[in-house]
Amino acid sequence: MITLALSKGRIYDDSMPLLRAAGVEVLEDPETSRRLILPTSRPDLRVVLVRASDVPTYVQHGGADLGVAGLDVLLEHGKHDGAADGGGGGLYRPLDLKIARCRMSVAVREDFDYAAAVKQGSRLRVATKYTHTARQHFAAKGVHVDLIKLYGSMELAPLTGLADAIVDLVSTGSTLKANHLVEVERIMDISSRLVVNPAALKLKREPLRALIDAFEAAVGAAA
Ligand code: ATP
Ligand code: MG
């Protein structure tokens, strides 16, 4: 049995055309089913539904053989204080699936002069879910920051005075705009990656290789 970890929402939705191109149909709709393990048209392949940020954990520890996770999630995976492996290890990353694309950016209130604050060497309060990536970004720029870890609704932080800036994912920019925020710096482009458990790749080499190859062909065809 091969187990593929996906998260509901855009990753699931954007993965379906790739799975279909690889000849796989998921036999239940996660939006209507309450099941967390979904059978597919291939008796030897099942899909498990997990939180987006849990996909690397499932794959790393063998709860799934492979999975689809955003680069944002992969860069933060295992980087919390006290992480056993110092972060990010134990995952084979063979493929950029080029789905769920967006960018990670710095945003501030419209009336906040970010460039001036940086130039003056002010200490910035930055709220984000992506503390590891944000820390790296500002350290590389030589900007002093106090990072405030949030789990959602980052846009609220500058509006309430919790922070001067946020680091968040942006696609169209309409959420920022609706909250009177402006994007002042692009940190990196984000897309979702296929991740594979290295031990599984050894034990189930043939079927996993075939699946990875089929994904690769599907990505190429979609490009
Ligand atoms: P949860 O909803 O469980 O807290 P999440 O918010 O990370 O998790 P999604 O919103 O489904 O879950 O995002 C999953 C992935 O999709 C993210 O890790 C990121 O790579 C990508 N993503 C997030 N926001 C956008 C966006 N606005 N446009 C395109 N891709 C995005
Ligand atoms: Mg989300």
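Remember, it's 1-based here, ligands and their atoms both numbered in the order they're listed.
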Can you name the nearest heavy-atom pair linking Tyr114 to Lys141, along with the distance?
OH-NZ, 4.2 Å
From the options [options], select the one whose nearest heavy atom is closest to [atom].
atom                    : options                    : value
atom 19 (C) of ligand 1 : Asp54, Asp72, Asp168       : Asp72
atom 14 (C) of ligand 1 : Ser53, Gly9, Gly152, Ala52 : Ala52
atom 24 (N) of ligand 1 : Lys129, Arg10, Glu76       : Arg10

Run the numbers for me: atoms of ligand 1, each under 4.0 Å from some heavy atom of [X], listed by number.
X      : value
Ile190 : 20 (O)
Ser171 : 26 (C), 27 (N), 28 (N)
Val73  : 18 (O)
Arg101 : 28 (N), 29 (C), 30 (N)
Gly70  : 20 (O)
Leu169 : 19 (C), 22 (N), 23 (C), 24 (N)

For ligand 1 and Ser192, I'd like to know whether there is a polar contact (N/O to N/O, distance under 3.5 Å).
no
Tell me whether Ala100 has any N or O atom under 3.5 angstrom from an N or O of ligand 1.
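Checking ligand 1 against Ala100, an N or O pair does fall under 3.5 Å apart.
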Only counting residues at least two apart or in another chain, list the ones meeting side chain to side chain donor-acceptor pair (under 3.5 Å) with Ser174.
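Checked Ser174 against side chain to side chain donor-acceptor pair (under 3.5 Å); matches are Thr172.
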Is a donor on one side and an acceptor on the other found under 3.5 Å between the side chain of Thr133 and the backbone of Tyr130?
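No, because the side chain of Thr133 does not come within donor-acceptor range (under 3.5 Å) of the backbone of Tyr130.
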Do side-chain atoms of Lys149 reach the backbone of Ala127 as a donor and acceptor pair under 3.5 angstrom?
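Flag not set: sc Lys149 to bb Ala127 has no pair under 3.5 Å.
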With a 4.5 Å heavy-atom cut-off, do Glu31 and Lys8 have their side chains touching?
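Contact flag for Glu31/Lys8 side chains = yes.
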Give a yes-or-no answer on whether the side chains of Ser105 and Arg186 include a donor-acceptor pair shorter than 3.5 Å.
no
With backbone taken as N, CA, C and O and side chain as the heavy atoms from C-beta onward, which portion of Val170 lies under 4.0 Å from ligand 1: side chain, backbone, both, or neither?
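Looking at Val170 and ligand 1, no heavy atom falls under 4.0 Å.
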Let me see the working for Arg101 and Ser191 under side chain to side chain donor-acceptor pair (under 3.5 Å), right down to the final yes or no.
CA-CA 4 Å; Arg101 294 172 94 147; Ser191 59; 5.6 Å; no
Could I get the full list of side-chain contact (heavy atoms from CB on, under 4.5 Å) partners for Glu206, not counting sequence neighbours?
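Once residues adjacent in sequence are excluded, Glu206 has no partner under the side-chain contact (heavy atoms from CB on, under 4.5 Å) criterion.
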